[in-house]
Amino acid sequence: MAPTVALAGNPNSGKTTLFNELTGSRQHVGNYPGVTVEKKEGTYVRDGFRLHIVDLPGTYSLTAYSLEEVVARDYLVEKKPEVVINIVDASNLERNLYLAIQFLEMGIPICIALNMIDVAKKRGIKVDVQKLSSLLGVPVTPTVARSGKGKKELMDSASQIAREHRQFTSLKISYGADIDPVLSEMENEIADRDFLTDTYQARWIALKYLEGDEQIISKGQKVDLDLSNRLREMVRKVSHHLLNTLDTYPEAMIADQRYGYIKSILKQGVIHHKYDRNRLYSSDRIDKVLTNRFVGPLIMLAVIAGLYHFTFTYSQVPVGLLESFFGWLGSALSAVLPDGMLKSLIVSGIIDGVGGVVGFVPLIMFMFFGIAILEDSGYLARVAFMLDRVFRIFGLHGSSVMAFIVSGGIAGGCAVPGVMATRTLKSPRERLATLLTVPFMNCGAKLPVFALLIATFFAKYEAAIMFLITLGAWAGALLVAKLLRVTVIKGAATPFVMELPPYRMPTFKGLAIHTWERTWQYIKKAGTVILGLSIVLWAMMTFPGLPDNRIQEFETLRRSEISRVPAAIADELKAAREGAELSRPARNLKKSLQHIDADEAEAGLRYSIAGRIGGALEGVSRWAGFDWRTNIALVGGFAAKEVVVSTLGTAYSLGEVDPEETGSLSETLAKDPGWSPLLAVGLIVFTMFYSPCFVSVICISRESGSWKWGAFAMAFNTVLAFLLAVLIFQVGTAFGL
């Protein structure tokens, strides 16, 4: 039986003209079963090889709006022709490629007839056919249907696909941060229940539900009413969310992202205009400046620097208020609660641990607000587009940029969705290189560590230092990617295509919702994961406790100090109330006893499980200037980076016993003689690059298909981070810094 070739395209694209040119007299006309839509079929013969040609009704889309669209889609899905020739008007590529993108999303084997190439030439439009073919990943042949030009080359491409039974991978477009998670969840449920998957792909079914496709929804209701209703409820929720935040709905957002994807293709030198185009879209006019080869990067750097200036300048007051509140709360509870394990747990484990993280909520909120403006306006996609030129130098793909940005490429993201975003990369090598380097970005978990150290040692230059940290993270990630691409992950780069959504004016309501959603996720993490880890780490820093003989030694020292002063002085100190004025001898005695208490607390911390781990690592970590307390915090950071701050807060709280001298963790570190700006820089760099958090490691293992890559990320990143920290500390020390 002759292979079937279906002709599909927009009305007036020259599809029927091409059909007549291919089949000549070998055609007949009828109707599709049960409908009045005309059905044209014919035969094409070349060198003895016969192809059955079917001319599908003209359609702009595969969403079932009209009877013609339903007929065309049903034929493609049910009859499954060996190849589809998509006839595209070369003089109006953007509109015509919309149908081609939907074919690619369905995984249908296609080749493109770039028709009316003569009309395009007359209008001063030159199409780079090879570039278009490379970016779309399908054969593209220029044709003139009226004269038969390009007919043989086109049919050669179609015949080759039909003969080879070539499998096409479905194109996966990102539809934005609001739709993608819902789309993924719907796709998983559909696949798990085999819901209509005998006919359609799971992702495509989910898209049809989001687009409100009545035909697919009706079929779904008959097959599995419960799942269909659940999918519709998901659509209802995301529709409500989009309406509140962006004043749009899923179907419009999906169309926008598809057209953005097409624009991205066309902007990469596919179309050259001989004449000036007076009719430019507003987004195109803006892009002429914002994505300019020379001006665009400067604007991008200015925008990022402005974001950090805004964040640190306006978050100072609320951050200070929260730090003061947790300091007051800790002091108040210390005065009320009796000495013992419960007091230590609440004050040192919970308040100082969680409070150290929650204290940075205003900074995180301001950062998320700024990023929401960039995302909702459409500017972040332009950042990715511009950075493609840079990424290709380092062996990565332009689509890697979005994974970096999602992970915290500007700040405040998370490595987990960044790792998962690498699914959109077609090349396995570029995908692997990307998912191994996205954890280097400044995720929201690292921000509290950076904010603490910057506020402590570089308070006058907060925005500038944060800007440099961002540049350092990008530079480090790109250099490591290049190293990986020339060693363990060799391979050629693939073409870059991504969505360029239209510019929008963000609404305050939308910005507020996006900001609060992300901030609330941070707060929930602090109230659950960080709280649990803080309690576990407190226990590790408290138990097993000093042995009785060591406790007796410190008790002997206290009695010795008391015995050196007259009994009246000891009685005065014992009877004095909190804050009461003491005589000089009594104050001296109090200070001596506090030193003994501090020494005992430090000895207890060193003797604890965490202290032993930190002390064991100190023989190596001292080369980077890290002491045993810092080691404890960094070990905790393997679970979650926020724990670094909370653990430092707990560690220094356990060693601090004078309520009159307690202060924020920042003040404590500033007063500690073991800390310095040089050590802070080393710790910042180490935090930037060392092992991803445990959840990210799991995601890397799953996405790469092997646990060895998760283990590689932990080991390689930590060794790299430590070597950089050692280099900074040793060089800085040599120069007397």
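Below, each value reflects all heavy atoms present in this structure, side chains not excepted, and no hydrogens, waters or symmetry copies.
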inquiry  = Using the rule given for side-chain contact (heavy atoms from CB on, under 4.5 Å), can you reason through Ile700 versus Leu436, listing the C-alpha separation, both sets of side-chain angles and the distance that settles it, and then say yes or no?
reply    = CA-CA 7 Å; Ile700 289 172; Leu436 288 175; 4.1 Å; yes
query = Does Arg485 reach the main-chain N or O of Gly395 with its side chain, forming a donor-acceptor pair under 3.5 Å?
reply = yes
key: Full working for salt bridge (charged side-chain N to carboxylate O under 4.0 Å, His left out) between Arg163 and Asp156   = CA-CA 10 Å; Arg163 283 179 172 134; Asp156 284 345; over 6 Å; no
inquiry  = Under a 4.0 Å threshold between the charged nitrogen and the carboxylate oxygen, would Glu233 count as salt-bridged to Arg230?
reply    = no
task = Would you check if the side chain of Ser13 reaches a backbone N or O of Asn10 as a donor-acceptor pair within less than 3.5 Å?
result = yes
ask   = Is it true that Lys149 and Asp118 have a side-chain N and a carboxylate O under 4.0 angstrom from each other?
value = no
ask   = How about Asp128 and His272: does a side-chain donor come under 3.5 Å of a side-chain acceptor?
value = no
message = So does Gln130 get a backbone contact from the side chain of Ser134, meaning a donor-acceptor N/O pair under 3.5 Å?
response = no
ask   = How many angstroms lie between CG in Leu18 and CD1 in Ile53, if you round to the nearest 0.5 Å?
value = 8.5 Å
task = Kindly compute the distance separating CG (Leu227) from CZ (Arg193), expressed to the nearest 0.5 Å.
result = 5.0 Å
ask   = Rounded to the nearest 0.5 Å, how far does CD1 of Ile271 lie from CG of Leu93?
value = 4.5 Å
query = Do the side chains of Leu56 and Leu76 get nearer than 4.5 Å, heavy atoms only?
reply = yes
ask   = Going by distance alone, is a donor N or O of one side chain under 3.5 Å from an acceptor N or O of the other, for Asp388 and Gln268?
value = no
ask   = Are Thr141 and Val129 close enough, and set up right, to give a side-chain contact (heavy atoms from CB on, under 4.5 Å), and what steps lead you there?
value = CA-CA 7 Å; Thr141 305; Val129 178; over 6 Å; no
query = Can you check whether Leu396's main-chain N or O pairs, donor with acceptor, with Ser400's side chain at less than 3.5 Å?
reply = no
inquiry  = If the condition is salt bridge (charged side-chain N to carboxylate O under 4.0 Å, His left out), which residues does Asp247 pass it with, not counting sequence neighbours?
reply    = none
ask   = Any side-chain heavy atom of Cys111 within less than 4.5 Å of one from Val140?
value = no
task = State, yes or no, whether a side-chain contact exists between Leu114 and Val127 at a heavy-atom distance under 4.5 Å.
result = yes
ask   = Looking just at side-chain N and O atoms, do Ser228 and Tyr209 make a donor-acceptor pair shorter than 3.5 Å?
value = yes
ask   = Is Arg258 positioned over the aromatic face of Tyr175, cation under 6.0 angstrom from the ring centre and no more than 45 degrees off axis?
value = no
ask   = Side chains of Tyr44 and Lys151: is there a donor and an acceptor less than 3.5 Å apart?
value = no
Ser170 and Gln201: side chain donor to acceptor below 3.5 Å = yes
message = Between Ser159 and Met155 (side chain of the first, backbone of the second, donor and acceptor by atom type, cut-off under 3.5 Å), is there such a pair?
response = yes
remark   = Between Thr291 and Arg389 the two heavy atoms that sit nearest each other are O-NH2, 4.1 Å
query = Any side-chain donor paired with an acceptor under 3.5 Å for Gln102 and Ser61?
reply = yes
ask   = Do side-chain atoms of Thr23 reach the backbone of Phe19 as a donor and acceptor pair under 3.5 angstrom?
value = yes
message = I'd like to know whether NZ of Lys219 has more than 12 heavy-atom contacts from other residues, nucleotides or ligands below 6.0 angstrom.
response = yes
key: Sub-4.5 Å side-chain heavy-atom contact between Val480 and Phe394   = no
task = Under the side-chain contact (heavy atoms from CB on, under 4.5 Å) rule, what do Trp709 and Ser701 come out as? Steps first, then yes or no, please.
result = CA-CA 6 Å; Trp709 289 114; Ser701 301; over 6 Å; no
task = Kindly compute the distance separating CD1 (Ile110) from OG (Ser157), expressed to the nearest 0.5 Å.
result = 12.0 Å
key: Heavy atoms of other groups near Tyr379 OH, more than 12 under 6.0 Å   = yes
ask   = Going through the distances and angles, do Val71 and Thr59 end up as a side-chain contact (heavy atoms from CB on, under 4.5 Å)?
value = CA-CA 10 Å; Val71 167; Thr59 176; over 6 Å; no
inquiry  = Tell me whether Lys80 contacts the main-chain N or O of Val77 through its side chain, where contact means a donor paired with an acceptor under 3.5 Å.
reply    = yes
task = Taking all non-hydrogen atoms of both residues into account, name the closest pair between Leu183 and Ala206 and its distance.
result = CD1-CB, 3.5 Å
query = Are any side-chain N or O atoms of Ser377 and backbone N or O atoms of Leu374, one a donor and one an acceptor, separated by less than 3.5 Å?
reply = yes
query = Can you find a heavy atom in the side chain of Ile87 that is under 4.5 Å from one in the side chain of Leu7?
reply = yes
task = Ignoring hydrogens and angles, tell me if any N or O in the side chain of Ser184 forms a donor-acceptor pair with the backbone of Asp180 under 3.5 Å.
result = no
message = Could you check whether any side-chain heavy atom of Leu196 comes within less than 4.5 Å of a side-chain heavy atom of Asp224, counting everything from C-beta outward?
response = no
inquiry  = For Glu21, is there an ion pair with Arg146 - N to carboxylate O distance below 4.0 angstrom?
reply    = no
key: More than 12 heavy atoms from other groups under 6.0 Å of NZ on Lys267   = yes
Side-chain heavy-atom pair Met186, Val182 within 4.5 angstrom cut-off = yes
ask   = Do we get Arg285 above Tyr503's six-membered ring, with its NZ or CZ under 6.0 Å from the centre and within 45° of the axis?
value = no
note = Pro181 and Gly176 have their tightest heavy-atom pair at CD-O, 4.3 Å
ask   = Once you round to the nearest 0.5 Å, how far does CG of Leu51 lie from CG of Leu22?
value = 9.5 Å
query = Judged by atom type as modelled, is there a donor-acceptor pair below 3.5 Å linking the side chain of Arg431 to the main-chain atoms of Glu703?
reply = yes
note = All heavy atoms of Ser91 vs all of Arg123, minimum pair found to be OG-NH1, 3.2 Å
task = Answer yes or no: is there a side-chain heavy-atom contact under 4.5 Å between Trp474 and Leu387?
result = yes
request  = Identify the two heavy atoms, one from Thr248 and one from Met253, that lie closest to each other, and give their separation to 0.1 Å.
outcome  = CG2-CE, 4.0 Å
inquiry  = Measuring from atom NZ of Lys172 to atom CZ of Arg203, what distance do you get when rounded to the nearest 0.5 angstrom?
reply    = 6.0 Å
task = Show the numbers, then the answer: is there a ring pair (Phe, Tyr, Trp, His ring centres under 6.0 Å) between Tyr98 and Tyr60?
result = CA-CA 8 Å; Tyr98 189 80; Tyr60 291 105; 9.7 Å; no
key: Closest approach of Gly9 to Asn86 (non-hydrogen atoms, all atoms of both residues)   = CA-ND2, 3.8 Å
